[in-house]
Amino acid sequence: MNFGQLIVITGPSGVGKGTLVRLLLERHPEWYLSVSATTRAPREGEVDGKDYYFFSKEQFEIMIQAEKFLEWAEYAGNYYGTPRTPVEEQLHQGNYVLLEIELLGARQIQQTFPHAVKIFILPPSMSELEDRLRKRAKDSEAVIERRLERAKEEIAASGEFDWQIVNDNLETALDEIESILVTTRNQKSENL
Ligand SMILES: Nc1ncnc2c1ncn2[C@@H]1O[C@H](COP(=O)(O)OP(=O)(O)OP(=O)(O)O)[C@@H](O)[C@H]1O
Ligand SMILES: Nc1nc2c(ncn2[C@@H]2O[C@H](COP(=O)(O)O)[C@@H](O)[C@H]2O)c(=O)[nH]1
């Protein structure tokens, strides 16, 4: 059977995961990025169904019960989850599927998809991470504090991942991630 490759991209909030993934998809439009569900309020400019599927807490909990998620987690006071069906469909079509998710969700994926390629994105320093979160100016001070606290726990777990990439220079980090994924793809096709 044709079976694709699941890729997990994790790292603390503000490290640049979303920026890197967007650029990666410009280079590889054939790869599929899973659109997550969340109970977080939409930020200015975010579009339902494109950036996230936005749900109420009650709706999300019903979907958890109905096993609609491949993984889900609570992060900084909100739920986040990967809708199961589109990811399974893309994998069955033999496609590369990227999940941009936090640590607890990544650990669930490790259990259910042990062959997923797991990449952790590190900041050059904690002060640079804080700077990026503040300059992004998308979250309140309280939310930024909460995310920085969580960042410490996430960074401490980076050794659980197959690859650790420091996002200092954006182009260098992008090249490194692309190289990991292209090498994985080439090795898979050699083994077919
Ligand atoms: N290498 C880099 N150097 C400097 N700034 C960067 C770099 N990579 C990303 N940024 C900036 O850092 C900010 C956070 O990036 P981004 O939103 O992609 O982070 P994220 O990890 O996806 O965050 P979240 O997990 O909260 O969605 C953005 O303003 C982005 O432009
Ligand atoms: N476990 C999951 N984590 C997810 C998912 N979608 C996004 N995320 C992560 O949540 C935080 C916060 O995101 P933000 O958009 O509010 O800044 C960040 O680390 C995301 O990677 C998901 O489906 N599952």
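For ligands, and for the atoms within them, numbers begin at 1 and follow the listed sequence.
- The shortest separation from a heavy atom of E154 to ligand 2 is not under 4.0 Å, leaving the residue out of contact.
- Checked by distance only, ligand 2 and G81 come closer than 3.5 Å through their nitrogen or oxygen atoms.
- Residue contact annotation: I121 has no non-hydrogen atom under 4.0 Å from ligand 1.
- On a distance-only criterion, E128 and ligand 1 share no N/O pair closer than 3.5 Å.
- Under a cut-off of 6.0 angstrom, the local environment of CZ in R146 is sparse, with at most 12 non-hydrogen atoms contributed by other residues, nucleotides or ligands.
- Tested against D139, the residues R40, R132, R43 include a single salt bridge (Lys or Arg N to Asp or Glu O under 4.0 Å) partner, R43.
- Close approach to E102 involves these atoms of ligand 2, each under 4.0 Å from a residue heavy atom: 1 (N), 2 (C), 3 (N), 4 (C), 9 (C), 19 (O), 21 (O).
- Contact annotation for E102 and ligand 1: no heavy atom of the residue comes within less than 4.0 Å of the ligand.
- Closest heavy-atom approach to atom 13 (O) of ligand 2 among the candidates Y79, Y53, W72, Y52: Y52.
- The distance from ligand 2 to the heavy atoms of S36 drops below 4.0 Å at these ligand atoms: 5 (C), 6 (N), 22 (C), 23 (O).
- Looking only at protein heavy atoms, the nearest one to atom 14 (C) of ligand 1 is G14 O, 3.4 Å.
- Within the structure, ligand 1 lacks K138 among the residues with a heavy atom less than 4.0 angstrom away.
- For R132, a nitrogen or oxygen atom sits less than 3.5 Å from a nitrogen or oxygen atom of ligand 1, counting backbone and side chain alike.
- The ligand atoms of ligand 1 that sit less than 4.0 angstrom from a heavy atom of D168 are 1 (N), 2 (C), 3 (N).
- In Q108, neither the side chain nor the backbone holds a heavy atom less than 4.0 Å from any atom of ligand 2.
- Among all protein heavy atoms, the one lying closest to atom 18 (O) of ligand 1 is T19 OG1, 2.5 Å.
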